[in-house]
Each structure stands twice: as structure tokens, then as C-alpha cells.
Amino acid sequence: MNAPAHAPVRAEEEQAPPLVELRGVTRRHGGVTALRGATLTIARGELLAVVGPSGSGKSTLLNVIGTLDRPTAGVVRVDGHDVAALSDRRLSALRASTIGFVFQQFHLAAGVPVLDSVADGLLYGGTPRPRRRALAEAALRRVGLGDRLRHRPHELSGGEKQRCAIARAVLSDSPDGRGRLLLADEPTGALDSASGARVLSLLHELNAAGTTVVVITHDRELAAAFPRRIRLKDGGITADETTGAAV
């Protein structure tokens with residue numbers, strides 16, 4: 001098994017803990033063990049894919065990393081925080097400040113301009129509306145949608161909708177966005193090949209700017225474009241590989 005590839009470490013991050021640590025994590029749903037004994041470390045600034053067939057535990061792993069699910073057993077640390085030690089309120093605050101989610105379905109409100117849909121990502125953080133909108137506009141311009149700010153979802157292509165979802169996921173009112181973790185579940189699964197390639201390129205660009213990116217996929221070709229690949233089968237991590245792909 002090859003050692004995991006890590007992005008270059010910035011001087012100010014040398015003493016920082018890994019962004020994500022899982023130690024012997026198991027997650028059961030009723031009588032089904034969806035994740036069993038998972039141990040995984042994700043450094044700040046990494047770009048990696050999690051691959052495996054349907055039912056292998058990929059989405060459960062993403063939910064555990066993203067603190068949407070608490071583990072049945074084992075330890076999960078995100079940005080140095082032991083998830084089990086946090087109240088629901090503090091866990092929500094950690095999620096809001098550190099983690100962004102992108103799903104195959106775009107979750108954009110019908111009839112609402114995308115500027116407002118993206119700005120609402122900061123609604124519960126107490127950010128004033130004018131600043132939310134200014135940050136949302138900057139995020140949309142960052143993903144190449146500066147000319148679509150007032151378009152409704154039905155006026156956008158599938159690729160444009162996914163880029164809106166990515167803009168919302170990386171939206172932050174923090175002066176330091178480098179701690180941001182982007183978790184994407186099959187982000188190109190509903191797109192044509194050209195739109196999927198544009199989204200993949202965007203994920204690489206965001207990673208190059210400092211965002212840690214974890215992509216869940218069953219697409220081996222897509223996974224091969226990432227410098228690190230985690231394989232799952234029957235709820236267990238079976239391989240942790242470097243791919244030789246450029247960051």
C-alpha cells in the first residue's frame with residue numbers, strides 16, 4: 001500500500017492538527033453495519049477521492065466526516081475537535097464554519113435567484129444580509145457565474161447549477177478560508193461529460209487555493225484524476241493509494 005500523498009504544507013499549518021481524523025470508526029443503522037472500523041487521516045489541503053460500489057459505505061463515511069452522523073463506536077476529530085465531546089449546538093457551529101457539502105442533487109430553491117440561494121448558506125451564522133449577498137456574489141464569480149447572479153435555477157444548465165452548489169459549499173465569512181473542508185457526493189453523476197469535466201476542474205482550482213476536497217464517487221476514471229484514493233468495500237477501508245495524478 002502506498003503512503004498517502006499530501007499537499008504542500010504551509011508554514012503556518014505545520015503545528016496544526018490534521019483536518020480530519022477517524023480512529024476505528026463504526027456506524028450502525030439498526031442491524032446494518034454501514035461502516036466498520038474505519039481509520040483515516042486527511043491533512044489540510046488534500047485532494048482525494050473515496051471510491052467503491054453501491055452499498056460500500058461511501059455516503060456513510062462522508063456523513064461521519066461531515067458530522068451529519070455520529071459514530072456508533074470509534075473517534076472522529078474534525079479541525080482538532082473530538083466530535084463526541086461537542087454539544088449539538090457546538091457541532092452545528094463547527095459544521096457551519098468548517099464544512100461545505102455538495103450533493104448530486106443541487107438543492108437550489110425553485111424561483112429564487114441563485115445569488116440569494118447561495119447567500120442563504122450564511123443565514124444561520126448571523127451574518128448581516130448585505131454582507132451575505134456580497135460574499136455570495138464573490139463566491140459565484142469565483143466559480144465563473146458572475147453573469148448568472150439573478151438567474152433562477154430553471155434558467156441554468158446542470159453544470160451551472162452544480163457550480164452554484166459548490167459556491168454555496170465554499171461560502172464563508174471567515175477571514176481564513178484555508179480550514180474549509182469540501183465534501184462532494186457524486187458531484188458529476190447527474191452531468192454530461194463536458195459539464196462534469198468543468199466541475200472537476202473547478203474542484204482542482206479550489207484545492208489549489210487551499211480548500212481540502214473529498215469526493216465520493218463510483219467513477220474510476222474520475223477518481224484517477226485525484227492524487228489520493230480511498231477504497232471501500234462492505235463498510236471497510238480496503239486500500240489507501242496514491243495515484244500519481246497531479247494536484
In the structure I gave you, are the side-chain heavy atoms of [X] and [Y] within less than 4.5 Å of one another anywhere?
{"X": "F101", "Y": "D185", "answer": "no"}
{"X": "C164", "Y": "L156", "answer": "yes"}
{"X": "T238", "Y": "L232", "answer": "no"}
{"X": "T67", "Y": "V83", "answer": "yes"}
{"X": "L182", "Y": "L206", "answer": "yes"}
{"X": "H218", "Y": "V51", "answer": "no"}
{"X": "K58", "Y": "L61", "answer": "no"}
{"X": "L191", "Y": "Q162", "answer": "yes"}

(request) Quick one: do E46 and R44 satisfy side-chain contact (heavy atoms from CB on, under 4.5 Å)? Show the steps, please. (result) CA-CA 6 Å; E46 277 205 87; R44 297 166 192 272; over 6 Å; no

Would you check if the side chain of [X] reaches a backbone N or O of [Y] as a donor-acceptor pair within less than 3.5 Å?
{"X": "H204", "Y": "A225", "result": "yes"}
{"X": "R163", "Y": "V143", "result": "yes"}
{"X": "R27", "Y": "G57", "result": "no"}
{"X": "R152", "Y": "G111", "result": "yes"}
{"X": "R132", "Y": "T127", "result": "yes"}

Got a second to check how far [X]'s [atom1] is from [Y]'s [atom2], nearest 0.5 Å?
{"X": "L135", "Y": "R142", "atom1": "CG", "atom2": "CZ", "result": "11.5 Å"}
{"X": "L35", "Y": "S59", "atom1": "CG", "atom2": "OG", "result": "11.0 Å"}
{"X": "I42", "Y": "R77", "atom1": "CD1", "atom2": "CZ", "result": "14.5 Å"}
{"X": "H151", "Y": "E160", "atom1": "NE2", "atom2": "CD", "result": "7.5 Å"}
{"X": "D192", "Y": "S157", "atom1": "CG", "atom2": "OG", "result": "8.0 Å"}
{"X": "I237", "Y": "R36", "atom1": "CD1", "atom2": "CZ", "result": "12.5 Å"}

[X]: what forms a side chain to side chain contact (heavy atoms under 4.5 Å, CB included) with it, not counting sequence neighbours?
{"X": "E205", "result": "R198, S201, L202"}
{"X": "N63", "result": "L68, D69"}
{"X": "S193", "result": "none"}

(message) Does T41 form a side-chain hydrogen bond (donor to acceptor under 3.5 Å, both in side chains) with R23? I'd like the steps, not just the answer.
(response) CA-CA 9 Å; T41 298; R23 295 289 177 265; 3.0 Å; yes

Determine, for [X] against [Y], whether the closest basic-nitrogen to carboxylate-oxygen distance falls under 4.0 angstrom.
{"X": "E137", "Y": "R141", "value": "yes"}
{"X": "E241", "Y": "R228", "value": "no"}
{"X": "R150", "Y": "D116", "value": "no"}

Looking at [X] and [Y], what are the two nearest heavy atoms and their distance?
{"X": "L183", "Y": "I99", "answer": "CD1-CG2, 3.8 Å"}
{"X": "V102", "Y": "A165", "answer": "CG2-O, 4.0 Å"}
{"X": "P187", "Y": "V215", "answer": "CD-CG1, 3.8 Å"}
{"X": "V78", "Y": "I65", "answer": "CG2-O, 3.6 Å"}
{"X": "V25", "Y": "V75", "answer": "CG2-O, 3.3 Å"}
{"X": "A34", "Y": "T60", "answer": "CB-OG1, 3.5 Å"}

(request) Take L145 and V114, measure what side-chain contact (heavy atoms from CB on, under 4.5 Å) needs, and give me the verdict at the end. (result) CA-CA 10 Å; L145 293 174; V114 296; over 6 Å; no

(message) Is the ring pair H107/F103 parallel, tilted or perpendicular, if the boundaries are 30 and 60 degrees?
(response)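 Perpendicular, since the angle between the ring planes exceeds 60°.
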
(request) Dump the intermediate steps for side-chain contact (heavy atoms from CB on, under 4.5 Å) on K161 and L108, then the final yes or no. (result) CA-CA 8 Å; K161 291 176 185 177; L108 298 174; 4.0 Å; yes

(request) Return yes if a side-chain donor-acceptor contact under 3.5 Å exists between R180 and T211, otherwise no. (result) no

(request) Examine the side chains of D234 and S56 and answer whether a donor and an acceptor come within less than 3.5 Å of each other. (result)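 Their side chains do not contain a donor-acceptor pair, so the 3.5 Å distance test is not met.
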
(message) Exactly one of L91, T98, L86 should register a side-chain contact (heavy atoms from CB on, under 4.5 Å) with H81. Which one does?
(response)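 Going through the options one by one, the only one that passes is L86.
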
(message) Which residue is it: T217, L200, L48, V214? I am looking for the one with a side-chain contact (heavy atoms from CB on, under 4.5 Å) to F226.
(response) L200

(message) One pair to check against side-chain contact (heavy atoms from CB on, under 4.5 Å): N207 and T212. What are the steps and the verdict?
(response) CA-CA 6 Å; N207 175 253; T212 304; 5.6 Å; no

(message) Taking atom CZ as the centre, does R90 end up with more than 12 heavy-atom neighbours from other residues, nucleotides or ligands that are less than 6.0 angstrom away?
(response)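 Open: at most 12 neighbouring heavy atoms sit under 6.0 Å from CZ of R90.
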
